[in-house]
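Input: a single structure, listed below in structure tokens.
Reminder, nothing fancy here: chain letters follow the sequence lines and each chain counts from 1.
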There are 2 protein chains.
Amino acid sequence: MFSANEKKKFGKLKKGLIDIVGSENIDDSTSGRLVYSYDATPNYQSLPDVIVAPGSAEEMAAVLKLCNDMETPVYARGSGTNLCADTCPLKGGVVLLFKRMNQILELDKENLTITVQPGVITKEICDCVEAQGLFYPPDPGSMAIATIGGNISENSGGLHGLKYGVTRDYVLALQVALPNGKLIRTGGKLTKDVAGYDLTRLFIGSEGTLGVITEATLKLIPKPESQKTILALYQDLEAAGRSVSSIIANKMIPATLEFLDQDTLKAVEGFAHIGLPTNVQAILLIVQDGPAEIVDRDIQRIAEICREQQAVDVQLAASEEEAQKLATARRTALSALARLKPTTILEDATVPRSEIAKMVRAIADIAQKYDLRISTFGHAGDGNLHPTCLTDARNTEEMERVEKAFAEIFEKAIELGGTLTGEHGVGATKAPYLKWKLGEAGLEVMRGIKQSIDPKGIMNPGKVFADVSIEREATAK
Amino acid sequence: MFSANEKKKFGKLKKGLIDIVGSENIDDSTSGRLVYSYDATPNYQSLPDVIVAPGSAEEMAAVLKLCNDMETPVYARGSGTNLCADTCPLKGGVVLLFKRMNQILELDKENLTITVQPGVITKEICDCVEAQGLFYPPDPGSMAIATIGGNISENSGGLHGLKYGVTRDYVLALQVALPNGKLIRTGGKLTKDVAGYDLTRLFIGSEGTLGVITEATLKLIPKPESQKTILALYQDLEAAGRSVSSIIANKMIPATLEFLDQDTLKAVEGFAHIGLPTNVQAILLIVQDGPAEIVDRDIQRIAEICREQQAVDVQLAASEEEAQKLATARRTALSALARLKPTTILEDATVPRSEIAKMVRAIADIAQKYDLRISTFGHAGDGNLHPTCLTDARNTEEMERVEKAFAEIFEKAIELGGTLTGEHGVGATKAPYLKWKLGEAGLEVMRGIKQSIDPKGIMNPGKVFADVSIEREATAK
């Protein structure tokens, strides 16, 4: 495994790590390393050298300093649910776990904030605050298993993005361990704070390439008093897209506005058995929340708009229970689709919401062109679609077509004023395409920042910054 | 004025600038330079060498490249309303104006966005979108004369911060000219976008020290259907502070929650003559907006809470017109106070809202200790107070006491978990204190970013980064 020199270096690293966290919090067994060699992203696997679980911010900072001194790569890893290979230890080195930093530290009901360690599961935060009549809106599909540290590092979105925003909009303060071994605090329990650059938001969504989040203070809002759910059924994909634009152009912002195409509907119904319609081309799952009288009014107007836009049926969820079932079913979309074929490749190209209908049509055309099975579901209100390719990684010829098809999907999203990734992150999977969105000058600014904070490049190497960018076909033409 | 060498260099600069923007868009007359030698901040003045008004993003980028090549400082300046000397050309060089880049480019009703050039006046944006039933919430006190470019560069706040957030929360996309002469675009008409570091928010609030904003796309929301305003009157400052915490702990988030102390009330009433009470210690001006039935319910509950917390009276604004008068009167607070003494020094120390009562008390104690007249008003719901010292810059002895008093106010704000500046920015005035909030390690991260984007330090030199930090008394003890 190691050369003599490497072995000596690893021995020194291991001793240093034991000094910091204790031998019981280190694992360099083959089985242990295998467990952390991959994440939820298909086709990426690489063995780390050692797994380390620091117990405090100070231990985390000391581990980073040691790794920086020894030029050893580090990968912060929550629950490994990310979909861009961000927690795959591509260049070996140290995987950092947060299982000893998983406490809710404070719920402040006067300032409406909660302060947590990075290893807390997101749903645990939601449940904790909802019990107090409060609300933490960001709800990525993986919220029942993902950690808040991971959510912050990826700037996770979810079903509530349209009305309530994403993780970024709810982080007030961070403590971050830097590769130089220092701890910094950004922000505070403050609505307004302009003391210096917005470092809080620089670290949010930086995918572990700049520092490791060791504590976060999150903003809470009062829990909406009530909510109602409707399903609008369509035989025409573009009619569904038009409904989305029309609802918002009519100045209503639903709490959730999800799109599922027929393929996804069939997969979800086959998995969840809750009586979803499978004989239509697409549905919109629409939730409004707020004071009861306003919810009633909005839901009625939204239903009218959907009918005007040729929805073939609009169904109101009969009870809170049925509404919950629908929301849960929607969350299972990825798992349900994943059962159908050996490999599921899920992307999240995002467009301005006015372009949803065009994008849905373009995805269908691209799937046909490359003879692939691509199901589409996603957060239609955000323009954040999840085209999902059901394929088989062992079929090399098909995988080449998959790659070409997704490159065309990215191309189309950008052409429509959109982006490569709305909520999954760049990681390793989209790094080669990032230049398409940011241009060389934008990438250069990012590289400068990375270099200034992590000069030795130990933080999550191989992610966000590609060794080689893929050239854009349209540009080359 | 110039040495022979400097004269030659200036000649070359001027010729280069004329080549880019044309001689009609350049002014190096003494009177022209005098006009732009200061901004709304007392006690700061410095002559620039030349005033330049580029007509496009490309011209702006070319001017930056020229200045970077010649190592000439540049200062982007909107309307010069800022209160931290951010637009004062401390080190000479070029002042950049936006009077030729002041167009609204697009109002997109389907995606609820507006795209503007940086020189547009903020109120013009508000009026334009309100005519369409839409709402751009950030409303700094200076909105009737300040430019949106300035608001973005300062991450301006305002009266709507508590419920609706600040400028940062409404900027979706930017075009920025960099000192290397390149133009970059960040973000898009997208609720969700995680393609790379959050450069949009890095430039927001960077006070012109990293780049010049040449275009911005702003997020709009539906205009609230109705609003109501109440005044709660107090004979006890801390009772007012407790009311603020209690309203929010009761899960209501008012659209506006302003605090004015007796001194401010007297000054405003003397200026605006609208019948404000001047025989009480303080008032809260509270606005709720939304659907009419919800506004009624909230306003009633808020009034009850204020009475429970010993408000001596609670008055409902009789009409929309009266409510508007109150809001306008509140906006005049700074001007009204400024009439009373030759020099007005306004700060914006900010604390978690639970600490408002303590902070108001501390400011009063500090004023007494240093024998100064400090009036306090501000955005109580945000914990964003504006202690305002009425003084006279010609009285050196008093000015020394003013400086000491404000250092103590900053100290106290940070001790209470707050910040040096909630919405006015660091600029030159708070740069020496910034270390108190960020620590040396945080400042170091900021310096690294600055160095990577503006290696020659031409962008607004003398701001944000102090040549010498003031040491914190408490730390020294």
Side-chain angles (χ1 to χ4, degrees), chain A residues 109-112 133 154-155 157 161-162 166 182 184 186 188-199 201-202 204-206 222 245 248-249 251 253 291 293-294 350 352-354 382-384 417-423 425-426 434 437-439 441-442 445-446 448-449 451-453 464, chain B residues 109-112 133 154-155 157 161-162 166 182 184 186 188-199 201-202 204-206 222 245 248-249 251 253 291 293-294 350 352-354 382-384 417-423 425-426 434 437-439 441-442 445-446 448-449 451-453 464:
Chain A
K109 290 192 242 176
E110 213 170 354
N111 289 304
L112 304 193
E154 302 291 320
N155 186 16
L162 169 63
V166 295
K182 293 182 184 165
I184 61 169
T186 71
K189 288 180 182 174
L190 303 163
T191 308
K192 291 173 174 171
D193 182 7
V194 293
Y197 298 160
D198 193 343
L199 299 184
R201 276 157 203 86
L202 179 63
I204 297 169
S206 65
S245 307
I248 294 158
K251 306 194 178 72
I253 311 286
E293 50 271 55
I294 307 308
T350 300
R353 78 176 73 88
S354 60
D382 306 333
N384 180 198
T419 186
L420 294 172
T421 171
E423 57 183 11
V426 178
L434 190 56
K437 172 70 171 71
L438 301 182
V445 172
M446 281 182 49
I449 294 169
Q451 174 70 21
S452 77
I453 298 177
V464 182
Chain B
K109 290 192 240 175
E110 213 170 354
N111 290 303
L112 304 193
E154 301 291 320
N155 187 15
L162 168 63
V166 294
K182 293 182 184 164
I184 61 170
T186 71
K189 289 180 181 175
L190 302 163
T191 308
K192 292 174 174 170
D193 182 7
V194 293
Y197 297 161
D198 193 343
L199 298 183
R201 277 158 203 85
L202 179 63
I204 297 169
S206 65
S245 307
I248 294 159
K251 306 193 177 69
I253 312 287
E293 51 270 55
I294 306 307
T350 301
R353 80 175 72 88
S354 59
D382 307 332
N384 180 198
T419 187
L420 295 171
T421 172
E423 56 181 14
V426 178
L434 189 56
K437 173 70 171 70
L438 301 183
V445 172
M446 281 183 48
I449 294 169
Q451 174 70 20
S452 77
I453 299 176
V464 182

Looking at [options], which makes the most heavy-atom pairs under 4.5 Å with chain B?
{"options": "A:Gly422, A:Ser452, A:Gly442, A:Pro222", "answer": "A:Gly422"}
{"options": "A:Asp382, A:Ile248, A:Asn155", "answer": "A:Asp382"}
{"options": "A:Gly439, A:Ser245, A:Gly383", "answer": "A:Ser245"}
{"options": "A:Ala249, A:Gly448, A:Pro352", "answer": "A:Pro352"}
{"options": "A:Thr421, A:Thr186, A:Val166, A:Val464", "answer": "A:Thr421"}

Let me see the working for A:Glu293 and B:Ile294 under side-chain contact (heavy atoms from CB on, under 4.5 Å), right down to the final yes or no.
-> CA-CA 9 Å; A:Glu293 50 271 55; B:Ile294 306 307; 3.8 Å; yes

Does the side chain of B:Met446 reach to within under 4.5 Å of the side chain of A:Leu199, using non-hydrogen atoms?
-> yes

Taking C-beta and beyond as the side chain, do A:Asp193 and B:Lys437 meet within less than 4.5 Å on heavy atoms?
->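 When only atoms from C-beta onward are counted, B:Lys437 and A:Asp193 do touch, with a gap below 4.5 Å.
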
If I take atom [atom1] from residue [X] and atom [atom2] from residue [Y], how far apart are they, to the nearest 0.5 angstrom?
{"X": "B:Lys109", "Y": "A:Lys251", "atom1": "NZ", "atom2": "NZ", "result": "7.5 Å"}
{"X": "A:Thr350", "Y": "B:Lys192", "atom1": "OG1", "atom2": "NZ", "result": "7.5 Å"}
{"X": "B:Thr191", "Y": "A:Asn384", "atom1": "OG1", "atom2": "CG", "result": "8.5 Å"}
{"X": "B:Ile449", "Y": "A:Ile453", "atom1": "CD1", "atom2": "CD1", "result": "4.5 Å"}
{"X": "A:Tyr197", "Y": "B:Ile204", "atom1": "OH", "atom2": "CD1", "result": "14.0 Å"}

Short N-O contact, B:Arg201 and A:Asp198, less than 4.0 angstrom | no

Proximal component of A:Leu434, with respect to chain B [non-hydrogen, under 4.5 Å] | side chain

Side chain, backbone, both or neither: which part of B:Gln451 has an atom under 4.5 Å from a heavy atom of chain A?
-> neither

So A:Leu112 and B:Arg353, side-chain contact (heavy atoms from CB on, under 4.5 Å) or not? Walk me through it.
-> CA-CA 10 Å; A:Leu112 304 193; B:Arg353 80 175 72 88; 4.3 Å; yes

Search all heavy atoms of A:Ser354 against all heavy atoms of B:Asn111 and return the closest pair with its distance.
->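 Taking A:Ser354 first and B:Asn111 second, the nearest heavy atoms are OG-ND2, 2.7 Å.
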
Check B:Ala195 against A:Val426 and note the closest heavy-atom contact, atom names and distance.
->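 In terms of heavy atoms, the two residues are closest at CA-CG2, 3.8 Å.
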
Go through B:Leu420, B:Leu162, B:Leu190, B:Ile253 and name the one with the most non-hydrogen pairs under 4.5 angstrom from chain A.
->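 Highest number of pairs under 4.5 Å: B:Leu190.
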
For the candidates B:Gly425, B:Gly188, B:Gly196, which exhibits the highest count of non-hydrogen atom pairs separated by less than 4.5 Å from chain A?
->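 Option with the greatest count: B:Gly196.
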
